[in-house]
Trainee: 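Structure provided below as C-alpha cells; questions to follow.
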Amino acid sequence: MTMNKKTIEDIDVSGKRVLVRCDFNVPLDADGNITDENRIVGAMPTIKYLVDKGAKVILCSHMGKPKGEPKKEFSLAPVAKRLSEKLGKEVVFAADDNVVGENARKAVAEMKDGDVVLLENTRFRAEETKNVETFSKELASLADIFVNDAFGTAHRAHCSTVGVASYLPAVCGYLIQKEIKFLGNAVNNPVRPLVAILGGSKVSSKISVIENLLDKVDTLIIGGGMAYTFMAAKGYEVGDSLLEADYIDYAKEMMAKAGSKLLLPIDTVVAREFSNDAESKIVGEGQIEKGWEGLDIGPKTVELFSDAIRKAKTVVWNGPMGVFEMPNFAKGTNAIAKVLAEIDATTVIGGGDSVAAVNQAGLGDKMTHISTGGGASLEFLEGKELPGIAALQDK
Ligand code: ADP
Ligand code: MG
C-alpha cells in the first residue's frame with residue numbers, strides 16, 4: 001500500500017466541524033493517572049494542525065474494554081485534562097454516557113473555530129465494536145469531516161473507525177499518514193537490500209507475515225521462540241524449547257521456498273528453566289539437549305544476523321530474539337537493536353513487544369519509525385488492507 005489516501009492537508013478544514021478518531025487508549029493506574037502518554041503525544045500534530053487552521057475539533061477514542069457500557073474507570077476524563085495541559089488550551093470534555101448525547105451535542109453546538117471537545121469513550125456504546133449504523137450516524141451527525149488518526153485500531157472495523165466514514169468526507173491524520181509511509185514503503189517499495197527480522201514466541205501467529213515478507217525481502221532472519229520449530233524442521237532436537245509440532249511441515253516448506261534468503265540461529269542460549277536466574281549456557285547448532293530450553297540467540301548468531309543487517313538499506317523488525325523481559329536473555333535482542341541503531345538504513349519496528357524491547361534498550365529514538373499499533377502493524381506486515389485506512393478517500 002503506497003500513500004494514496006487523502007490527508008488533512010488535502011481538504012479545507014477551516015471553520016468546519018472535524019471529528020477526529022484518535023488512539024487515546026492509554027494505561028491508567030489505580031488512581032486514574034495516565035502512566036504512559038505516548039499515544040497522546042502521537043496525536044498532537046494532527047490536533048494542533050486542525051486547531052491552527054481554525055477547525056472545530058471534536059476528538060473521540062476508545063479506552064480499554066468497558067464492554068459496551070458506561071464504566072467510570074474507563075472514562076476519558078483524565079485524557080481531556082492531560083490534553084488541555086499539553087495543548088495549552090481548554091479541551092472541553094463532553095461527559096456523556098451515550099457518547100453522542102445531550103452533553104456532546106451541546107458542547108459541539110457551543111464550539112468556536114479552534115475549539116477542542118473530547119467525547120466520552122466510544123466503547124461505552126455496545127454498537128461501537130459491532131459497527132452498527134445507528135451509532136456511526138450519531139457520530140457523523142456531530143461533524144462535517146471525519147479524520148482517522150488512530151492507527152492502533154485501524155485494523156478494526158468499528159463505528160468510530162469505519163462506519164462513520166460512510167457518512168462524511170473521510171481523510172487520514174498525520175499519524176496514520178506516517179505509519180502508511182514507513183510501514184508501507186518498507187514493505188512494498190523499499191530501498192534494497194530489504195532485511196526482515198522476525199521473532200517472538202509463535203510461528204503460528206506470524207505465518208501470514210512470513211508468507212507476505214518472504215516474497216518481498218532480500219533476506220529473512222528468524223530468531224526468537226519461533227526459530228525452534230524451524231530447527232526441529234531441520235531434524236534437530238530442541239529440548240524443552242518452544243516448539244509448535246503442528247508447524248514443522250510448514251517450516252520445512254518455508255525453508256525450501258526461501259533457500260539462502262532465510263537465516264536461522266546457529267547457536268542458542270539455553271537454560272534449565274524459564275527464569276532469569278536459571279543455570280544457562282551457550283550451545284552450537286543442533287546441540288540443544290533434553291532438559292534445556294532455548295531462551296535467546298547466541299553470540300555467533302548475533303554476528304551472523306548483524307552482518308546481514310549491516311548490508312541492508314531497509315530493515316523491518318517484528319518479534320524479539322529471545323525472552324527480552326529477563327535481563328539474562330535480553331542480550332541477543334539488545335545486540336540486534338544496537339546494530340539497527342548504528343546502521344545507515346531505514347529501520348522500522350512493528351509489534352508491541354518488539355517496540356517495548358527497543359525502548360527498553362534505550363534505542364527507540366535511533367530508529368527511523370516505531371509503529372504505534374501492535375496488532376495493526378502486524379496486519380500491515382501481513383499485507384492486509386486495514387479497514388480503517390481502506391475507508392478513507394483516495395487522492
Ligand atoms: P511482538 O509483540 O513484537 O509481535 P510477539 O508477541 O510475537 O512479539 O513475541 C514476543 C514474546 O516472545 C516475548 O514475550 C518474548 O519473551 C517471547 N520470546 C522470544 N523468544 C523466546 C524464546 N526463545 N522462548 C520463549 N519466549 C520467547
Ligand atoms: Mg506481542
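Since the structure is predicted, the reported quantities are computational estimates derived from the model, not experimental observations. Atoms within each ligand, like the ligands themselves, are counted from 1 in listed order.
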Trainee: Considering heavy atoms of the protein only, find what lies nearest to atom 15 (C) of ligand 1 and give residue, atom and distance to 0.1 Å.
Mentor: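 Closest protein heavy atom to atom 15 (C) of ligand 1: Glu325 OE1, 3.5 Å.
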
Trainee: Quick one, Arg125 with Asp96, criterion salt bridge (charged side-chain N to carboxylate O under 4.0 Å, His left out). Give me CA distance, side-chain angles, the key distance, then yes/no.
Mentor: CA-CA 11 Å; Arg125 291 283 294 264; Asp96 216 319; over 6 Å; no

Trainee: I'd like to know if the side chain of Glu179 pairs up with that of Ser377 as donor and acceptor (distance under 3.5 Å, no hydrogens or angles considered).
Mentor: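 No - no donor-acceptor pair under 3.5 Å links their side chains.
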
Trainee: Count up the protein N, O or S atoms sitting under 2.8 Å from the Mg ion (ligand 2), would you?
Mentor: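 That number is 1, waters not included.
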
Trainee: If you measure from the Lys or Arg side-chain nitrogens to the Asp or Glu carboxylate oxygens, is any gap between Arg17 and Asp144 under 4.0 Å?
Mentor: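 Counted as a salt bridge, because a side-chain N and a carboxylate O are separated by less than 4.0 Å.
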
Trainee: Kindly indicate, with the supporting measurements, whether the criterion side chain to side chain contact (heavy atoms under 4.5 Å, CB included) is fulfilled by Glu133 and Glu127.
Mentor: CA-CA 8 Å; Glu133 237 175 45; Glu127 299 100 312; over 6 Å; no

Trainee: On a heavy-atom basis, I'd like to know which of Asp353, Leu242, Val269 is closest to atom 6 (O) of ligand 1.
Mentor: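 Nearest option to atom 6 (O) of ligand 1, by heavy atoms: Asp353.
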
Trainee: Is any NZ, NE, NH1 or NH2 atom of the basic residue among Glu73 and Lys71 found under 4.0 Å from an Asp or Glu carboxylate oxygen of the other?
Mentor: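 So Glu73 does not pair with Lys71 through a salt bridge.
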
Trainee: Quick test: of every protein heavy atom, which one is nearest to atom 26 (N) of ligand 1, and how far off is it to 0.1 Å?
Mentor: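 The answer is Val323 CG2, 3.6 Å.
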
Trainee: Side-chain donor-acceptor pairs under 3.5 Å in residues 344-352, sequence neighbours left out?
Mentor:
{"residue": "Thr347", "atom": "OG1", "partner": "Thr368", "partner atom": "N", "Å": "2.9"}
{"residue": "Thr347", "atom": "OG1", "partner": "Thr368", "partner atom": "OG1", "Å": "3.3"}

Trainee: Does a salt bridge link Lys5 with Asp394, judged by any charged N lying under 4.0 Å from a carboxylate O?
Mentor: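 Salt bridge present between Lys5 and Asp394.
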
Trainee: Only heavy atoms count here, so choose which of Ser205, Gly351, Ser371, Pro320 is nearest to atom 8 (O) of ligand 1.
Mentor: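 The residue whose heavy atom sits nearest atom 8 (O) of ligand 1 is Pro320.
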
Trainee: Can a salt bridge be assigned to the pair Arg82 and Glu85 using a cut-off of 4.0 Å between side-chain N and carboxylate O?
Mentor: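 Salt bridge: yes.
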
Trainee: Taking side-chain contact (heavy atoms from CB on, under 4.5 Å) as the criterion, tell me which of Leu381, Ile207, Val187 meets it with Asn212.
Mentor: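 When side-chain contact (heavy atoms from CB on, under 4.5 Å) is applied between Asn212 and each of Leu381, Ile207, Val187, only Val187 qualifies.
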
Trainee: With heavy-atom distances below 4.0 Å as the criterion, list the atoms of ligand 1 near Gly225.
Mentor: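 In order of number, 19 (C), 20 (N), 21 (C), 22 (C), 23 (N).
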
Trainee: Taking 4.0 angstrom as the limit and counting only heavy atoms of Lys206, give me the atoms of ligand 1 inside it, by number and element.
Mentor: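 So the answer, numbered in order with elements, is 4 (O), 5 (P), 7 (O), 8 (O).
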
Trainee: So, Asp149 and Lys178, do they make that salt bridge, N to O below 4.0 Å?
Mentor: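 Not counted as a salt bridge, because no side-chain N and carboxylate O are separated by less than 4.0 Å.
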
Trainee: Going by distance only, is there an N or O of Gly224 that falls short of 3.5 Å from an N or O of ligand 1?
Mentor: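 Min N/O separation from ligand 1 is not below 3.5 Å for Gly224.
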
Trainee: With heavy atoms of Ser201 as the reference, note each atom of ligand 1 found under 4.0 Å away.
Mentor: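 Listed by number with element: 7 (O), 9 (O), 12 (O).
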
Trainee: Atoms of ligand 1 less than 4.0 Å from Tyr228 heavy atoms?
Mentor: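 So the atoms of ligand 1 that pass are 23 (N).
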
Trainee: Is it the case that ligand 1 has an N or O less than 3.5 angstrom from some N or O of Met321?
Mentor: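 Between Met321 and ligand 1, no N or O pair is found under 3.5 Å apart.
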
Trainee: Can you tell me if Phe329 contacts ligand 1 (heavy atom of the residue under 4.0 Å from the ligand)?
Mentor: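 Per 4.0 Å heavy-atom rule, Phe329 does not contact ligand 1.
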
Trainee: Please check: side-chain N/O of Glu237 versus main-chain N/O of Gly239, any donor-acceptor pairing under 3.5 Å?
Mentor: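 Yes, the answer is positive, given that a donor and an acceptor are paired below the 3.5 Å cut-off.
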
Trainee: What do you reckon, does Asp296 have a nitrogen or oxygen under 3.5 Å from a nitrogen or oxygen of ligand 1?
Mentor: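 Such a contact does not occur with ligand 1.
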
Trainee: Determine the sole option in Arg192, Lys261, Lys311 for which the side chain to side chain donor-acceptor pair (under 3.5 Å) test with Asp218 is passed.
Mentor: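 The option that passes is Arg192.
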
Trainee: Within the structure, is a non-hydrogen atom of Gly374 found at a distance of less than 4.0 Å from ligand 1?
Mentor: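 No heavy atom of Gly374 comes that close to ligand 1.
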
Trainee: Does any N or O atom in Asn318 lie less than 3.5 angstrom from one in ligand 1, N or O only?
Mentor: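 Yes, at least one N or O pair falls under 3.5 Å.
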
Trainee: Please could you name the atoms of ligand 1 that Gly319 approaches to less than 4.0 Å, counting only its heavy atoms?
Mentor: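 Atoms satisfying the 4.0 Å criterion: 3 (O), 8 (O).
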
Trainee: Could you give the distance from CG (Leu168) to CD1 (Ile145), rounded to the nearest 0.5 Å?
Mentor: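 The CD1 atom of Ile145 is 8.5 Å from CG of Leu168, to the nearest 0.5 Å.
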
Trainee: Among protein heavy atoms, which sits nearest to atom 9 (O) of ligand 1, and what does the distance come to when rounded to 0.1 Å?
Mentor: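 Heavy-atom neighbour on the protein nearest atom 9 (O) of ligand 1: Gly200 CA, 3.1 Å.
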
Trainee: Nearest to atom 3 (O) of ligand 1, what protein heavy atom do you find, and at what distance?
Mentor: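 Looking at atom 3 (O) of ligand 1, the protein heavy atom closest to it is Ser354 OG, 2.4 Å.
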
Trainee: What atoms of ligand 1 come closer than 4.0 angstrom to any heavy atom of Gly294?
Mentor: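 With Gly294 as reference, the close atoms of ligand 1 come out as 22 (C), 23 (N), 24 (N).
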
Trainee: Can you tell whether the side chains of Arg21 and Glu128 come within less than 4.0 Å, N to carboxylate O?
Mentor: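 A salt bridge is present here (some side-chain N lies under 4.0 Å from a carboxylate O).
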
Trainee: Please state whether Gly322 comes within less than 4.0 angstrom of ligand 1, counting heavy atoms only.
Mentor: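 Yes, that is the case, since the closest heavy atom of the residue is under 4.0 Å from the ligand.
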
Trainee: Could you tell me whether the side chains of Gln177 and Thr7 share a donor-acceptor contact shorter than 3.5 Å?
Mentor: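 Looking only at side-chain atoms, Thr7 and Gln177 do not form any donor-acceptor pair under 3.5 Å.
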
